[in-house]
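Because the structure is a prediction, the values reported are computed rather than measured.
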Amino acid sequence: MKRVILSVCFLLISGFVFSQWTVLSSGTSNHLQSVFFTDVNTGYTVGNSGTILKTIDGGSTWTSIASGTTNDLTSVCFPDANTGYAAGYSGTILKTSDAGASWSALPCGTIADLFSIFFLDENTGFAAGGDMLGNGIILKTTNGGTNWTAYPSATAVVFMSVYFSEPEIGYAVGLNPFAGYGGVIAKTTNGGANWTTLSSNTYYGLYSIFFTDASTGFATGMFGTILKTMNGGATWATIPAGTNSNLSSIYFPDAATGYAVGDIGTILKTTDSGTTWSKLTGGTSDGLFSVHFLNADTGYVVGIFGTILKTTIGGAFAVGLNHTASEPASFNCYQNPAGNTLTLETTAELTGSHFSIMNMKGTEILGCLITGTRQQIDVSTQPPGVYCVRLTNERMVQVGKIIIR
């Protein structure tokens with residue numbers, strides 16, 4: 001006899017934790033590696049095989065735009081509403097001057113893979129990358145990408161992210177392929193002309209860097225690494241993340257509120273300037289590569305297989321918190337005594353919602369429409385294992401996991 005057991009995603013309370021991340025339809029199965037919004041309606045995401053997508057309705061629909069390249073694109077940045085840049089493999093740098101309607105390739109003088117692009121304004125920008133031989137490189141332009149100056153790293157590194165807190169002060173992070181992929185942090189105080197390697201205080205490679213002011217910055221990387229500096233990079237403290245997942249991207253919409261995303265659907269949030277981090281439930285187990293927020297509440301995350309998530313309430317609640325006092329359970333899922341069926345109980349307002357059971361790749365294997373406050377689903381034909389469950393309607397997404405034995 002099979003048993004259906006609720007996993008810890010249900011937190012041993014009656015009902016699901018509200019995810020409040022909407023799964024958006026991207027129209028692509030290509031991995032999406034970077035996302036950037038210029039206003040509440042207009043945003044861009046780029047990814048593998050030259051993918052560029054644009055939305056003008058806050059992510060409800062996405063339009064594919066010809067990029068002119070099949071190289072993977074890893075980073076996108078818009079210094080203003082019309083001017084944008086994207087970077088990618090084999091020295092690819094693209095530019096648009098018409099709000100993404102068309103893109104042109106910019107020769108930059110390198111064939112190294114570029115993993116990050118950052119612009120201070122429409123003319124002054126930086127791109128960073130390297131190769132697996134440790135030949136790290138940072139490029140700079142002061143004329144909107146017409147010309148680029150290369151600054152090779154004196155340290156063996158592949159730069160994964162570059163960020164400038166002020167016009168002359170910038171940081172780049174990455175990993176050393178000859179030192180166990182240990183973390184590397186470099187800093188410039190003269191607009192990129194010279195870079196000094198800082199003590200990173202970590203053995204793990206770093207993927208993303210972000211500063212909230214001239215002194216306070218954060219870096220994320222392998223195995224849940226979160227570093228924080230409060231003195232412009234002179235020293236870095238390791239902050240407990242509560243996860244061992246690789247963290248690919250970090251973003252702070254304000255000094256107190258920050259988000260980090262990474263492997264197996266990991267989404268973290270801080271509301272105390274990075275001192276503590278809580279895990280949010282985003283409704284996916286897919287790898288996430290990039291996060292961008294317009295303000296403390298409205299943000300987007302992108303990842304593998306065309307994943308795009310959106311929240312308008314700051315990612316909702318942290319996993320591990322019991323919210324039944326303020327958010328009464330509206331959906332329950334538990335074992336039927338017969339052992340071969342899953343019993344669903346919902347509140348009446350959820351009639352018409354769609355319930356899905358999915359494998360860990362995200363493929364729906366069973367689904368049904370919620371037609372009443374109590375119904376059953378036959379799971380007797382499903383192999384033992386861990387499955388994702390999701391309830392969706394036009395207002396919300398609720399997610400969790402079940403174990404069928």
Identify the heavy atoms of [X] and [Y] that sit nearest to each other, and give their distance.
X: Thr74; Y: Gly88; value: OG1-CA, 3.8 Å
X: Ser34; Y: Thr45; value: O-OG1, 2.8 Å
X: Val173; Y: Ala219; value: CG1-CB, 4.4 Å
X: Ile137; Y: Ala150; value: CD1-CB, 3.8 Å
X: Gly224; Y: Ala241; value: O-CB, 3.2 Å
X: Ser273; Y: Ala255; value: OG-O, 3.1 Å

Assess the side chains of Asp72 and Gln33: does a donor N or O sit below 3.5 Å from an acceptor N or O?
no

Could you tell me if Asn194 and Thr196 have a donor-acceptor pair between their side chains, going purely by distance under 3.5 Å?
no

Do the non-hydrogen side-chain atoms of [X] and [Y] ever get within less than 4.5 Å of each other?
X: Trp277; Y: Ile226; answer: yes
X: Leu206; Y: Met160; answer: no
X: Tyr259; Y: Val301; answer: no
X: Leu309; Y: Ile267; answer: yes
X: Thr96; Y: Leu94; answer: no
X: Asp98; Y: Asn82; answer: no
X: Ile185; Y: Leu227; answer: yes
X: Lys269; Y: Thr257; answer: yes

Under the ring-ring contact (aromatic ring centres under 6.0 Å, His included) test, residues paired with [X] that sit two or more places apart:
X: Tyr300; answer: Phe37
X: His292; answer: Phe36, Tyr251
X: Phe289; answer: none

Is there a donor-acceptor pair under 3.5 Å between the side chain of [X] and the backbone N or O of [Y]?
X: Thr243; Y: Ser245; answer: yes
X: Ser153; Y: Thr155; answer: yes
X: His31; Y: Phe305; answer: yes
X: Thr270; Y: Thr276; answer: yes
X: Thr92; Y: Tyr89; answer: yes
X: Ser26; Y: Thr307; answer: no
X: Lys187; Y: Gly232; answer: yes

[atom1]-[atom2] distance between [X] and [Y], expressed to the nearest 0.5 angstrom:
X: Ile357; Y: Ile365; atom1: CD1; atom2: CD1; answer: 6.0 Å
X: Leu73; Y: Ser67; atom1: CG; atom2: OG; answer: 5.5 Å
X: Leu53; Y: Thr61; atom1: CG; atom2: OG1; answer: 11.0 Å
X: Phe293; Y: Asp254; atom1: CZ; atom2: CG; answer: 10.5 Å
X: Phe210; Y: Tyr171; atom1: CZ; atom2: OH; answer: 13.5 Å
X: Ile264; Y: Thr284; atom1: CD1; atom2: OG1; answer: 10.5 Å

Decide side chain to side chain contact (heavy atoms under 4.5 Å, CB included) for Val35 and Val302; before the verdict, give the C-alpha distance in whole Å, the side-chain angles of both, and the deciding distance to 0.1 Å.
CA-CA 7 Å; Val35 61; Val302 299; 3.8 Å; yes

Going by side-chain contact (heavy atoms from CB on, under 4.5 Å), name the residues that satisfy it together with [X], two or more places apart in sequence or in a different chain.
X: Thr312; answer: Thr298, Lys310
X: Asn246; answer: Tyr207, Met222, Phe223, Asp263
X: Gln375; answer: Leu344, Cys368, Ile370, Thr371
X: Ala81; answer: none

Does atom [atom1] ([X]) have a neighbourhood of more than 12 heavy atoms from anything else shown, all under 6.0 Å?
X: Leu294; atom1: CG; result: yes
X: Tyr204; atom1: OH; result: no
X: Tyr203; atom1: OH; result: no

With side chain to side chain donor-acceptor pair (under 3.5 Å) as the rule and sequence neighbours excluded, what pairs involving residues 209-230 come up?
Asp213-Thr216, Thr229-Asn231

Please collect all side chain to side chain donor-acceptor pair (under 3.5 Å) contacts where either partner lies in residues 131-143, sequence neighbours excluded, each pair once.
Asp131-Asn135, Thr141-Asn143, Asn143-Asn147

Report the relative orientation of the aromatic rings in Tyr163 and Phe211; use parallel for angles under 30°, tilted for 30 to 60°, perpendicular for over 60°.
parallel

For Thr51 and Ser49, what are the C-alpha separation, side-chain angles and deciding distance, and is it a side-chain hydrogen bond (donor to acceptor under 3.5 Å, both in side chains)?
CA-CA 6 Å; Thr51 298; Ser49 303; 5.7 Å; no

Which ring-ring contact (aromatic ring centres under 6.0 Å, His included) pairs, counting each pair once, include a residue from residues 122-157, with sequence neighbours left out?
Phe126-Phe164

Do Ile93 and Leu139 pass the side chain to side chain contact (heavy atoms under 4.5 Å, CB included) test, and can you show the C-alpha distance, the side-chain angles, and the key distance before you say yes or no?
CA-CA 11 Å; Ile93 299 181; Leu139 306 174; 4.2 Å; yes

Atom pairs and distances, side-chain donor-acceptor, residues 105-118, under 3.5 Å, sequence neighbours left out:
residue	atom	partner	partner atom	Å
Thr110	OG1	Ala112	N	3.0
Asp113	OD1	Ser90	N	2.9
Ser116	OG	Val162	N	3.1

For Thr83, give me all partners under side chain to side chain donor-acceptor pair (under 3.5 Å), at least two apart in sequence or on another chain.
Asp80

